[in-house]
**Q** 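If you scroll down you'll find the structure; I have some questions about it.
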Amino acid sequence: MNSFELNKIIGAVLAGVLILLVVNEVAKLAVHPTYPESPAYAIDTSAITSTDVASDEEEDTGPSLAVLLASADAESGKQSFKKCATCHTAEEGGANKIGPNLYGVLDRVKGAVDGFSYSNALHEKGGEWTYENLNHFLTKPSDYIKGTKMAFPGIKKPEERADLILYLRSLGKSDTPLPVVEEEKPAEASEGAETNTEGATEAPAATEEKPAGDAN
Ligand code: HEC
């Protein structure tokens, strides 16, 4: 290979680099991405005050029953059931004591155990023992059904109630789907904000890559 050949090759390479640079610059001139000063989907967070967020996490309202059930423990519930066992049996076909047998009580029609004489108040309440209803009843029975025969003050701790309800579910109703955990509103808002900023940072990167791709 003589020096003349080498010059031609170097020349060709330099010309190639030059063309690439020129094309890149032209492309930058041609494509003018404009970015809005404010995000396209502005999320109004003015309504959410710090106290709102705090009260959502604190005991004021507390976590929802669905959230509590998701982390509840049926074994602890079984322990708590000792408080109920003076009046209730839990096994299938168990006898009625002061209260009715509770096997399969979840989602069962209220007052459905044969041979147990319920109060009129309970019959009149009607409906089924859903998760929510059980939770309400076990918080304070006389508050949920005024005039109930169940002489029990209730269980104050939401976590303990959730454990108990999960235990009641284990009595022949394990197939019953647990309530769906809904996303809390403040969490949704911040999630939206996250995707927004992501979108903004991704956009310039994508448009700058394009011209280079075209050139090759
Ligand atoms: C002092 C006795 C007593 C205790 C303790 C007690 N219960 Fe009851 N329970 C009853 C009686 C009586 C009834 C019937 C209420 C009525 O007819 O108004 C009842 C009814 C119920 C029902 C409705 C059953 C149905 O078939 O509709 C559920 C659920 C229940 N109890 C759960 C519990 C749980 C869980 C506990 C423990 C945390 C508990 N009970 C503690 C006496 C008791």
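In each ligand, atom 1 is the first atom listed, and ligand 1 is the first ligand listed.
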**Q** Report the nearest protein non-hydrogen atom to atom 22 (C) of ligand 1: residue, atom name, distance rounded to 0.1 Å.
**A**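 Looking at atom 22 (C) of ligand 1, the protein heavy atom closest to it is F137 CE2, 3.7 Å.
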**Q** With atoms numbered from 1 as shown, which atoms in ligand 1 lie under 4.0 angstrom from a non-hydrogen atom of I155?
**A**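 Checking each atom against I155, I get 38 (C).
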**Q** Return yes if some donor-acceptor pair links the side-chain N/O of K97 with the main-chain N/O of A85 below 3.5 Å, else return no.
**A**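 Pair found, side chain donor or acceptor close to backbone of A85.
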**Q** So which protein heavy atom does atom 29 (C) of ligand 1 come closest to, and at what separation?
**A**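 Result for atom 29 (C) of ligand 1: L134 CD2, 3.6 Å.
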**Q** Name the closest protein heavy atom to atom 15 (C) of ligand 1, giving the residue it belongs to and the distance to 0.1 Å.
**A**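 For atom 15 (C) of ligand 1, the nearest protein heavy atom comes out as T148 OG1, 3.4 Å.
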**Q** Could you tell me, atom by atom, which parts of ligand 1 come under 4.0 Å of a heavy atom of L164?
**A**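 With L164 as reference, the close atoms of ligand 1 come out as 38 (C).
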**Q** Does F4 sit in a hydrophobic cluster with other residues, and if so which ones, taking ILVMFWY side chains as linked at heavy-atom separations under 4.5 Å, directly or through other members?
**A**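 Listed partners: none, F4 stands alone.
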**Q** What's the separation between atom SG in C84 and atom CD1 in I155, rounded to the nearest 0.5 Å?
**A**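 So the SG of C84 and the CD1 of I155 are separated by 5.5 Å.
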**Q** Which atoms of ligand 1 have any heavy atom of A151 under 4.0 Å away?
**A**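 Near A151, the atoms of ligand 1 are 1 (C).
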**Q** Mark up the atoms of ligand 1 that fall under 4.0 Å of a heavy atom belonging to K110, in ascending order.
**A**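 What qualifies from ligand 1 is 27 (O).
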**Q** If you count the atoms of ligand 1 from 1 in the order shown, which ones are under 4.0 Å from a heavy atom of G111?
**A**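 Listed by number with element: 25 (C), 26 (O), 27 (O).
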**Q** N/O of T86 under 3.5 Å from N/O of ligand 1, yes or no?
**A**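 Between T86 and ligand 1 (N or O atoms, distance only) the closest approach is not under 3.5 Å.
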**Q** For K149, is at least one N or O under 3.5 Å away from an N or O on ligand 1?
**A**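 Min N/O separation from ligand 1 is below 3.5 Å for K149.
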**Q** Which residue supplies the protein heavy atom nearest to atom 3 (C) of ligand 1, what is that atom called, and how far is it?
**A**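 Checking every protein heavy atom, the shortest distance to atom 3 (C) of ligand 1 gives C87 SG, 2.6 Å.
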**Q** Using distance alone, decide if ligand 1 has a nitrogen or oxygen within less than 3.5 Å of any nitrogen or oxygen in Y118.
**A**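 Checking ligand 1 against Y118, an N or O pair does fall under 3.5 Å apart.
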**Q** Of all heavy-atom pairs between L122 and W129, which one has the smallest distance, and what is that distance?
**A**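 Smallest interatomic distance, heavy atoms only, reads CD1-CZ2, 4.3 Å.
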**Q** Which atoms from ligand 1 have a heavy atom of S119 less than 4.0 Å away?
**A**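 Contacts of ligand 1 toward S119, numbered from 1: 16 (C), 17 (O), 18 (O).
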**Q** Check the pair V105 / L171 against side chain to side chain contact (heavy atoms under 4.5 Å, CB included), numbers first and verdict last.
**A** CA-CA 8 Å; V105 73; L171 306 174; 5.9 Å; no
**Q** Would you name the heavy atoms of M150 and H88 that are closest together and state the gap between them?
**A**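 The pair with the smallest heavy-atom distance is SD-NE2, 4.0 Å.
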**Q** Does the cation-pi check pass for K149 over F116, that is, NZ or CZ under 6.0 Å from the six-membered ring centre and within 45° of its axis?
**A**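 Yes.
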**Q** So, for T148 and A121, which heavy atoms are closest and what is the spacing to 0.1 Å?
**A**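 That would be N-CB, 4.2 Å.
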**Q** What do you get for the angle at atom 8 (Fe) of ligand 1 between SD on M150 and NE2 on H88, to the nearest 10 degrees?
**A**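 With atom 8 (Fe) of ligand 1 as the vertex, the angle is close to 180°.
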**Q** Under the side chain to side chain contact (heavy atoms under 4.5 Å, CB included) criterion, do L178 and L166 qualify, and how do the steps go?
**A** CA-CA 9 Å; L178 287 166; L166 203 69; 3.8 Å; yes
**Q** Please identify which atoms of ligand 1 are closer than 4.0 Å to at least one heavy atom of K83.
**A**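 Atoms satisfying the 4.0 Å criterion: 5 (C).
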**Q** For atom 36 (C) of ligand 1, which protein heavy atom lies nearest, and how many Å away is it?
**A**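 The protein heavy atom lying closest is C84 SG, 2.8 Å.
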**Q** With side chain to side chain contact (heavy atoms under 4.5 Å, CB included) as the test, would you mind laying out the steps for L102 and T89 before giving the verdict?
**A** CA-CA 6 Å; L102 288 182; T89 55; over 6 Å; no
**Q** Can you tell which part of L138 has a heavy atom less than 4.0 Å from ligand 1: side chain, backbone, both or neither?
**A**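 Just the side chain.
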**Q** Give me the residue, atom name and distance of the protein heavy atom closest to atom 27 (O) of ligand 1.
**A**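 So the nearest neighbour among protein heavy atoms is W129 NE1, 2.7 Å.
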**Q** To which protein heavy atom is atom 32 (C) of ligand 1 closest, and what is the distance rounded to 0.1 Å?
**A**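 Protein heavy atom with the smallest distance to atom 32 (C) of ligand 1: L102 CD1, 3.5 Å.
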**Q** Say whether R161 and T139, considering side chains only, have a donor N or O and an acceptor N or O under 3.5 Å apart.
**A**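 Yes, because at least one side-chain N or O of R161 sits under 3.5 Å from a partner of the opposite role on T139.
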**Q** Measure the CZ-OG1 distance between F152 and T86 for me, rounded to the nearest 0.5 Å.
**A**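 Here the rounded value is 8.0 Å.
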**Q** Classify the side-chain pair S80/D163 by whether it contains a donor and acceptor separated by less than 3.5 Å.
**A**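 No, no side-chain donor-acceptor pair sits under 3.5 Å.
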**Q** Under 4.0 Å, counting heavy atoms only: does R108 come that close to any atom of ligand 1?
**A**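 R108 counts as a contact of ligand 1 under the 4.0 Å cut-off.
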**Q** Looking only at protein heavy atoms, which one is nearest to atom 13 (C) of ligand 1, and how far off is it?
**A**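 Going atom by atom, the protein heavy atom closest to atom 13 (C) of ligand 1 ends up being P100 CD, 3.6 Å.
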